[in-house]
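Remember, predicted model here, so these are calculated numbers, not experimental data.
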Amino acid sequence: TQLNYEIEKVGNSLDILDNKIDSASGVEKINLLTKSIGILNNELGLQGQKMNVIKEQMKAYQVDLKKYGFKFNGNNEITNFESGMKKFKDSGDLEKIVELTEEYFDLQSELSKLTVDYDDLQKEISDVKDEIKEINEELEEERLEKLRDNLEATKEVEEKLTDIYEEEY
């Protein structure tokens, strides 16, 4: 489907960007990581859309399965699967019911995997934000260290100038 293609395309963009991130440092790395957050958020949105499509498909299957007496709980699980299947054991509808339930279970499985992927993406975004924060802190520490070094050098020059001045006057 188009969503699968878009998700794959975004994943490829992330792979390319990850290679650049691995060899980058400092501000360049922060910029690339920030770009990756945007791409990850895009992928997160696409995953959410795909999950919504699957949920809609599951609702359509539920409507069909309810016609055959199947019931669902709040987690969209068939609560009377075994008894429902026994009821149609010798029925001409058995093949249709088996097909519907198998497709429904496939959708459930796919939704479950997508939910895990969605959660993983959210964690990855959080991890990247933490990495950006860490790099910013390191850069700030480096900047402060340079300022301390410059201040120390300035003090040394002032002391030498003071010594020279005192020697001459």
Side-chain angles (χ1 to χ4, degrees), residues 1-66 70 72-79 81 96-158 160:
T1 67
Q2 181 66 25
L3 274 176
N4 289 336
Y5 169 74
E6 292 296 326
I7 290 170
E8 185 176 331
K9 195 166 90 173
V10 168
N12 292 339
S13 296
L14 275 173
D15 291 343
I16 292 167
L17 192 59
D18 282 343
N19 291 333
K20 291 178 182 178
I21 289 170
D22 289 342
S23 62
S25 63
V27 174
E28 179 187 6
K29 188 167 189 169
I30 289 173
N31 291 338
L32 292 171
L33 287 169
T34 301
K35 187 175 180 179
S36 77
I37 288 174
I39 294 171
L40 287 167
N41 278 322
N42 186 18
E43 185 174 2
L44 197 65
L46 291 170
Q47 289 281 23
Q49 288 177 29
K50 188 171 180 180
M51 289 167 64
N52 288 336
V53 166
I54 290 173
K55 288 176 185 175
E56 289 302 314
Q57 289 174 334
M58 287 175 68
K59 285 180 187 176
Y61 276 91
Q62 285 177 1
V63 167
D64 288 343
L65 289 167
K66 284 179 181 176
F70 288 96
F72 299 85
N73 64 16
N75 293 329
N76 295 317
E77 297 166 340
I78 300 174
T79 57
F81 177 74
K96 174 72 173 166
I97 293 168
V98 168
E99 182 182 323
L100 286 171
T101 55
E102 284 178 354
E103 290 172 8
Y104 185 79
F105 291 142
D106 288 345
L107 288 171
Q108 271 186 317
S109 177
E110 187 175 356
L111 182 61
S112 179
K113 289 174 188 171
L114 284 172
T115 301
V116 169
D117 291 346
Y118 191 87
D119 292 344
D120 288 348
L121 280 171
Q122 288 180 317
K123 178 160 179 10
E124 187 174 350
I125 290 169
S126 177
D127 290 348
V128 171
K129 286 178 180 178
D130 289 345
E131 186 175 356
I132 289 171
K133 182 180 176 187
E134 186 177 303
I135 294 169
N136 273 324
E137 289 170 354
E138 290 171 5
L139 289 174
E140 182 64 15
E141 185 56 41
E142 288 174 13
R143 189 182 72 76
L144 289 174
E145 189 61 37
K146 286 180 184 176
L147 285 174
R148 284 187 209 104
D149 291 346
N150 288 341
L151 183 59
E152 188 62 35
T154 302
K155 283 183 183 178
E156 289 174 13
V157 169
E158 284 178 351
K160 287 181 183 177

Salt bridge (Lys or Arg N to Asp or Glu O under 4.0 Å) partners for Asp120, two or more places apart: none
When you compare the side chain of Leu107 with that of Glu103, does any pair of heavy atoms fall below 4.5 Å? no
Would you say the side-chain atoms of Glu77 pair up with the backbone N or O of Gln108, donor to acceptor, closer than 3.5 Å? no
Once ring pair (Phe, Tyr, Trp, His ring centres under 6.0 Å) is applied, do any residues pair with Tyr118, and if so which ones, sequence neighbours excluded? none
Once salt bridge (Lys or Arg N to Asp or Glu O under 4.0 Å) is applied, do any residues pair with Glu140, and if so which ones, sequence neighbours excluded? Arg143
According to salt bridge (charged side-chain N to carboxylate O under 4.0 Å, His left out), does anything in residues 105-119 pair up with another residue at least two apart or in another chain? List the pairs. Lys50-Glu110
So how far is it from Ile7 CD1 to Asn12 CG, rounded to the nearest 0.5 Å? 12.0 Å
Can you tell me how far apart CD (Glu137) and CD1 (Ile135) are? Round to the nearest 0.5 Å. 10.5 Å
How long is the span from the CG atom in Leu144 to the CG atom in Leu151, to the nearest 0.5 Å? 11.5 Å
Side chain proximity check, Gln62 to Leu65, heavy atoms < 4.5 angstrom: no
Check residues 32-49 and write down every donor-acceptor pair under 3.5 Å in which the side-chain atom is one partner and the other belongs to a residue at least two apart or another chain.
residue: Thr34; atom: OG1; partner: Ile30; partner atom: O; Å: 2.8
residue: Ser36; atom: OG; partner: Leu33; partner atom: O; Å: 2.7
residue: Asn41; atom: ND2; partner: Ile37; partner atom: O; Å: 3.3

For the residue pair Phe81 and Phe70, what are the closest heavy atoms and their distance? O-CE2, 3.8 Å
Nearest 0.5 Å, what's the OH-CD distance between Tyr61 and Glu102? 11.0 Å
Residue list, side-chain contact (heavy atoms from CB on, under 4.5 Å) with Glu56, at least two apart or on another chain: Lys59
Applying side-chain contact (heavy atoms from CB on, under 4.5 Å) to Lys55 and not counting sequence neighbours gives Asn52, Leu111
According to the salt bridge (charged side-chain N to carboxylate O under 4.0 Å, His left out) rule, which pairs have a member within residues 145-154, sequence neighbours left out? Glu141-Arg148, Glu145-Arg148
Between Asn73 (side chain) and Asn75 (backbone), is there a donor-acceptor pair under 3.5 Å? yes
If you draw a 6.0 Å radius around CD in Glu8, do more than 12 non-hydrogen atoms from other residues or ligands fall strictly inside? no
Sequence neighbours excluded, which residues qualify as ring pair (Phe, Tyr, Trp, His ring centres under 6.0 Å) partners of Phe72? Tyr104
Strictly by salt bridge (charged side-chain N to carboxylate O under 4.0 Å, His left out), give each pair with a member in residues 15-32 just once, sequence neighbours left out. Lys29-Glu131
Any residue meeting salt bridge (Lys or Arg N to Asp or Glu O under 4.0 Å) with Lys155, in chain and number order, not counting sequence neighbours: none
Is any side-chain heavy atom of Glu142 closer than 4.5 Å to a side-chain heavy atom of Leu139? yes
Not counting sequence neighbours, which residues clear salt bridge (Lys or Arg N to Asp or Glu O under 4.0 Å) with Lys9? List them please. Glu6
